[in-house]
Amino acid sequence: MHMQFGLMSVSDITTDPVSGKTPTEHERIKNVIAIAKHAEEAGLDVFALGEHHNPPFFSSSPTTTLGYIAAETKRIILSTSTTLITTNDPVKIAEDYAMLQHVSDGRVDLMMGRGNTGPVYPWFGKDIRQGIPLAIENYALLRQLWDNDVVDWEGNFRTPLRGFTSTPRPLDGVAPFVWHGSIRSPEVAEQAAYYGDGFFHNNIFWPPSHVRRMVALYRQRFEHYGHGTKKQAIVGLGGQFYIARNSQDAKREFRPYFDNAPVYGHGPTLEDFSAQTPLTVGSPQEVIDRTLGFRDVVGDYQRQLFLLDHAGLPLKTVLTQIDFLAEIVPVLRKEFDAMRDPEAPDAPTHASLVAAAGGGKDSTVFGEADDVTGINSPYEQQENDEASVRNADNLLRHAEHIA
């Protein structure tokens, strides 16, 4: 499969501005499960759920929710639309997502991020001023825990590990695929490139010029670290739309939700926001055309997730939007495939990672890349990695010249 299409949820609990009804936490949690199941029934490829630890969001434990959804589905890939690499213990991340791999028969990957809620750091005993060093060190440890049966570890932010084995071991000896998600942090693009992982740009609130620079930076650094050419880098994008049979109805129906949404409500007009960001409110063809245009910004990419269940939209409306997405996905697949460069890789799956690892072994899928570049393992090159991150801002400024 060249591209994956699916949904991402931020798990907000928002009052419906039309009906005035606010769902309870229980209703919203059950609705998200219904949305994920409907996404599979509609033929979508991915359902991703965020992680938040503060109202008005409910998803403090995405692994629990995704584990339940795994039992209720058979085919759809289950992901996070953020796993907090800074405030979660890497040991617990290693255990939880390996367990999810097993119960879902490999239908799981995850998106690492630092999150956008400052107070979460002290809630979990961390210092927000250490956000970037925490992200670097915690992810380096997570990779060790997944890629090695026995780990000895000493770092700055947690007690040392001596002869530790994370259980269960990753399914088929291959860790879940990791996307590094970011809206504006070049350090995250740098980290994704360093490990040969995927880079996911939220792509909801920012203009195309910013998205282009961030993805170009990731592609350039992916090639620099010897994981392949720029075209072989693994890119995902977010997006959002609201569809009706004609543009006028779509704008009329969605406007009250947009105008009152906690994130962008009471700010720019729907028309201005749609012109400046990837939000598309209109007919199926308008959403098709706008989405196909994302390729002009970032090149061929592997995963497209849409935010549909937000801003207080009722469950029935969200399920209808999923049906519209199912209607346009075959067109998007056909058109994207027709434009695709032969060098662009397919979207990663557990089966493709097992095949790349030689049928399943207890080693990193991308382990060969270190030999290609002549550098040592990431864990022995912590200072080099941090130096690269310090340079990332300068790289971002010049990234438009290397796209």
Side-chain angles (χ1 to χ4, degrees), residues 1-10 39 44-50 77 79-82 109-113 116 177-186 188-189 192-193 197-222 230-243 263 273-274 276-281 286-310 321 325 328-329 331-333 335-337 339-341 344-349 396 399-400 403:
M1 181 187 300
H2 294 318
M3 277 189 73
Q4 295 167 342
F5 294 89
L7 310 179
M8 61 180 185
S9 175
V10 294
L44 301 183
D45 306 308
V46 183
F47 176 78
L49 182 62
I77 294 170
S79 183
T80 53
S81 46
T82 307
D109 55 38
L110 64 163
M111 189 190 306
M112 294 295 177
N116 57 8
F177 186 78
V178 172
W179 303 83
H180 297 257
S182 178
I183 299 174
R184 60 185 178 272
S185 300
V188 175
D197 294 339
F199 178 67
F200 188 94
H201 196 285
N202 177 283
N203 194 40
I204 287 179
F205 303 115
W206 290 78
S209 58
H210 174 81
V211 180
R212 178 181 288 112
R213 294 204 320 274
M214 286 285 284
V215 174
L217 167 64
Y218 161 67
R219 289 187 185 277
Q220 190 268 345
R221 301 301 284 172
F222 182 94
K230 295 175 190 176
K231 292 180 180 179
Q232 292 172 324
I234 308 295
V235 174
L237 292 180
Q240 54 182 337
F241 66 74
Y242 186 91
I243 290 178
V263 176
F273 193 84
S274 298
Q276 296 168 18
T277 77
L279 172 65
T280 309
V281 181
E286 286 176 296
V287 174
I288 288 169
D289 292 342
R290 192 76 178 279
T291 306
L292 291 174
F294 294 169
R295 183 181 179 274
D296 298 331
V297 177
V298 303
D300 292 313
Y301 63 111
Q302 284 68 39
R303 176 173 285 186
Q304 175 65 61
L305 301 183
F306 291 103
L307 175 62
L308 299 182
D309 72 317
H310 64 122
Q321 292 299 303
L325 180 55
I328 68 174
V329 158
V331 181
L332 291 171
R333 287 195 201 281
E335 295 295 327
F336 274 123
D337 283 354
M339 296 185 287
R340 196 168 196 81
D341 190 298
D346 290 350
T349 63
L396 181 58
E400 60 266 27

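Computed from a prediction, not measured in an experiment: that's the story for all the values here.
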Return yes if some donor-acceptor pair links the side-chain N/O of Thr80 with the main-chain N/O of Met111 below 3.5 Å, else return no.
yes
Note: Pro348 and Ile234 closest approach over all heavy atoms is CD-CG2, 3.9 Å
Quick one: sort the Tyr301 and Phe336 rings into parallel, tilted or perpendicular, breaks at 30° and 60°.
perpendicular
Rounded distance [0.5 Å steps], CG in Leu308 versus CE in Met8
9.0 Å
For the residue pair Val297 and Pro208, what are the closest heavy atoms and their distance?
CG1-O, 3.5 Å
Is the side chain of Arg290 donor-acceptor paired with the backbone N or O of Val281 at a distance under 3.5 Å, no angle test?
no
Show the nearest heavy-atom pair for residues Leu307 and Ser9, with the distance to one decimal.
CD1-CA, 4.3 Å
Taking every heavy atom of Leu7 against every heavy atom of Ala39, the minimum-distance pair comes out as CD1-CB, 3.9 Å
Return the OG1 to NE2 distance between Thr277 and His210, rounded to the nearest 0.5 Å.
13.0 Å
Let me know which of Ile243, Leu332, Thr280 forms a side chain to side chain contact (heavy atoms under 4.5 Å, CB included) with Ile288.
Leu332
To the nearest 0.5 angstrom, please state how far the CZ atom of Phe200 sits from the OG atom of Ser79.
8.5 Å
Please identify which of these residues, Gln304, Arg303, Arg333, meets the side chain to side chain donor-acceptor pair (under 3.5 Å) condition with Gln4.
Arg303
Euclidean distance, His201 NE2 relative to Arg212 CZ, rounded to 0.5 Å:
12.0 Å
Spacing of CD belonging to Gln240 relative to OG belonging to Ser274, to within rounding of 0.5 Å
8.5 Å
Could you give me the CA-CA distance, side-chain angles and deciding distance for Arg219 and Val215, then say whether side chain to side chain contact (heavy atoms under 4.5 Å, CB included) is met?
CA-CA 6 Å; Arg219 289 187 185 277; Val215 174; 3.7 Å; yes
Per ring pair (Phe, Tyr, Trp, His ring centres under 6.0 Å), Phe306 is matched among Phe241, Phe294, Phe47, Tyr242 by Phe241
Check the pair Thr291 / Ile328 against side chain to side chain contact (heavy atoms under 4.5 Å, CB included), numbers first and verdict last.
CA-CA 10 Å; Thr291 306; Ile328 68 174; 5.6 Å; no
Rounded to the nearest 0.5 Å, what's the gap from OG1 on Thr82 to NE2 on His180? Could you check?
12.5 Å
Student check: side-chain heavy atoms of Phe199 and Arg221 closer than 4.5 Å:
no
For the pair Val329 and Leu44, evaluate side chain to side chain contact (heavy atoms under 4.5 Å, CB included) and give the outcome as yes or no after the intermediate values.
CA-CA 8 Å; Val329 158; Leu44 301 183; 4.0 Å; yes
Any side-chain heavy atom of Ser81 sitting closer than 4.5 Å to one from Leu305?
no
Considering all heavy atoms of both residues, which atom of Gly198 and which atom of Phe177 are nearest to each other, and what is their separation?
N-CZ, 3.4 Å
Working note: Val235 + Gln302, criterion side chain to side chain contact (heavy atoms under 4.5 Å, CB included); need CA distance, chi angles, decisive distance, verdict.
CA-CA 6 Å; Val235 174; Gln302 284 68 39; 4.2 Å; yes
All heavy atoms of Leu292 vs all of Met339, minimum pair found to be CD2-CE, 4.1 Å
